[in-house]
Amino acid sequence: MYALVDCNNFYASCERVFDPSLENKPVVVLSNNDGCVIARSNEAKALDIPMGAPAFQYEKIFEKNNVYVFSSNYALYGDMSRRVMNILSTFTPDIEIYSIDEAFLLLAGFKEHFDLTTYGQDMIKAVRSRTGIPISIGIAPTKALAKVANKIAKKFANHTGGVHIIDGPEKIRKALSWTKIGDVWGIGRQYEKRLLALNIKNAQQFVELHDEYVRKEFSVVGLRLKRDLSGLSTLSLEATPLKKNIAVTRAFENMYSDYAELKERVSTYAVKIGEKLRRQDSNCSLLQVFLLTNPFRNDLKQYRASISVYTPHPTNSSITLVKTALTGLEMIYKEGFQYKKAGIIAMKLTPAKQKQFKLFTEENPKHEQLMKVVDLLNFRENGKVKFGGQDLGRTWKIKQERLSNRFSTRMDELIRIKI
DNA sequence: TCTGGGGTCCTAGGACCC
DNA sequence: TCTGGGGTCCTAGGACCC
């Protein structure tokens, strides 16, 4: 059996842990630049604030309903996630961390020795008492069905107490008939549209389609999903692998048309890519750089371009990455456009330890030492060391007007209690 | 004024190899 | 008239996920 454990309204719940007065109140968390709503408490969902809602369009609704609005605080959410996952790992040796707030647990052979409902409830209690985060658990013979079970556990929390088990053909059929086709894991907007056109409205009707048909219309991905949903375990637990790509992409606060400004932004993104690579101890060999205008401004000329550039050798040195990224930028930049967003994706990642030496080009060995020192200083001094290509006068101007403290990772931002 | 960011996988087509 | 068969690698685009 597989369990899917999902943190309820994760980002909103993290904010609540450190401010319990938010309990039972509507809470939303915004994306970078305070742009869109990316997490909502149940109370906020009840106000019909949709996922992805642009914040500026909902300002009035926030005010009228006393919605508590937060900028996203990834330092906090990442650390809380790590704590939750650590607790879950004590319940089974086989765990796949699927996302920041979700994990699959393989409970092989547990059924014979434990009551799975009680086991699930024990997990809920442990995570709640040790982190303050509420979770829901779905248990079933396959991953796709565990997802379905999780949805039921959450939707009928009053009945299920947060744990729901699907086992046996009858329960599977019942759960699948209840599940709307668009709510199935792996069925997104496009597939939903196509299936509805065929009058396939729920998951049960989907699993009754012929294999060949599903394979032809929805590729092997769809076919695997169909099998897994029908109870044949097809998707297995994956060891949480190292990342294959690492990206830093941001919309700008304004539109830029000046090459010098883009150069500064892209340099800063490349420096950040370097930090991320060093954190997971990887090198990269290929950088993809892209640039685009504001797609929401129909009145302006549109342009988007992207290019891949090889680094001279596998590297995680910010210096080399900046140089490579700027080569790419120069190739795709065109004058006369108002740019709104740029990004860099590092690809072809290799472990930093297994460096393939090149015959003619090689990293200056001083880079490695230098980067170590820079990372250390930036950690201690909260990001004070910058590179020449970055704007030294810039006080990081991403919009974060309602940021909570990094309660669990910074000494100077600990929660304060008055006695 | 204002509209996120970071991932994965699959397929098709082109360029290349022997 | 007629023009092989089997590969790999890369890229772009499109779908999906949270």
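A donor-acceptor contact under 3.5 angstrom links the side chains of A:Glu15 and A:Tyr77, judged on distance only.
Applying the salt bridge (Lys or Arg N to Asp or Glu O under 4.0 Å) definition to pairs two or more places apart or across chains, those involving residues 136-145 of chain A are A:Glu96-A:Lys143. Applying the ring pair (Phe, Tyr, Trp, His ring centres under 6.0 Å) test to residues at least two apart or on different chains, none of the pairs has a partner in residues 34-69 of chain A. Note on residues 146-167 of chain A: pairs passing ring pair (Phe, Tyr, Trp, His ring centres under 6.0 Å), not counting sequence neighbours, are A:Phe156-A:Trp178.
Listed by chain and residue number, nothing satisfies the ring pair (Phe, Tyr, Trp, His ring centres under 6.0 Å) test with A:Tyr213 (two or more places apart in sequence, or in another chain).
Terminal axes of the helix from B:dG5-C:dC18 to B:dC18-C:dG5 (five pairs each, C1' rotation axis) are separated by 0°, to the nearest 10°.
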Are any protein N/O atoms closer than 3.5 Å to N/O atoms in nucleotides 11-13 of chain B? If there are, list each pair with its distance.
{"unit_1": "B:dT11", "atom_1": "OP1", "unit_2": "A:Arg215", "atom_2": "NH2", "d": "3.1"}

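Comparing A:Arg224 and A:Thr249 by the nucleotide of DNA chain B whose heavy atom lies nearest to each, the residue mapping closer to the 5' end is A:Thr249.
The pair A:Arg227-A:Asp211 meets the salt-bridge criterion, since a charged nitrogen lies less than 4.0 angstrom from a carboxylate oxygen.
Inter-residue side-chain proximity for A:Leu209 and A:Glu217 is flagged as unmet; no heavy-atom pair is nearer than 4.5 Å.
Annotation: cation-pi pair A:Lys226/A:Phe206 absent, no NZ/CZ under 6.0 Å from the ring centroid and within 45° of its normal.
Between A:Lys147 and C:dC18 there is a side-chain polar atom (N or O) within less than 4.0 angstrom of OP1 or OP2.
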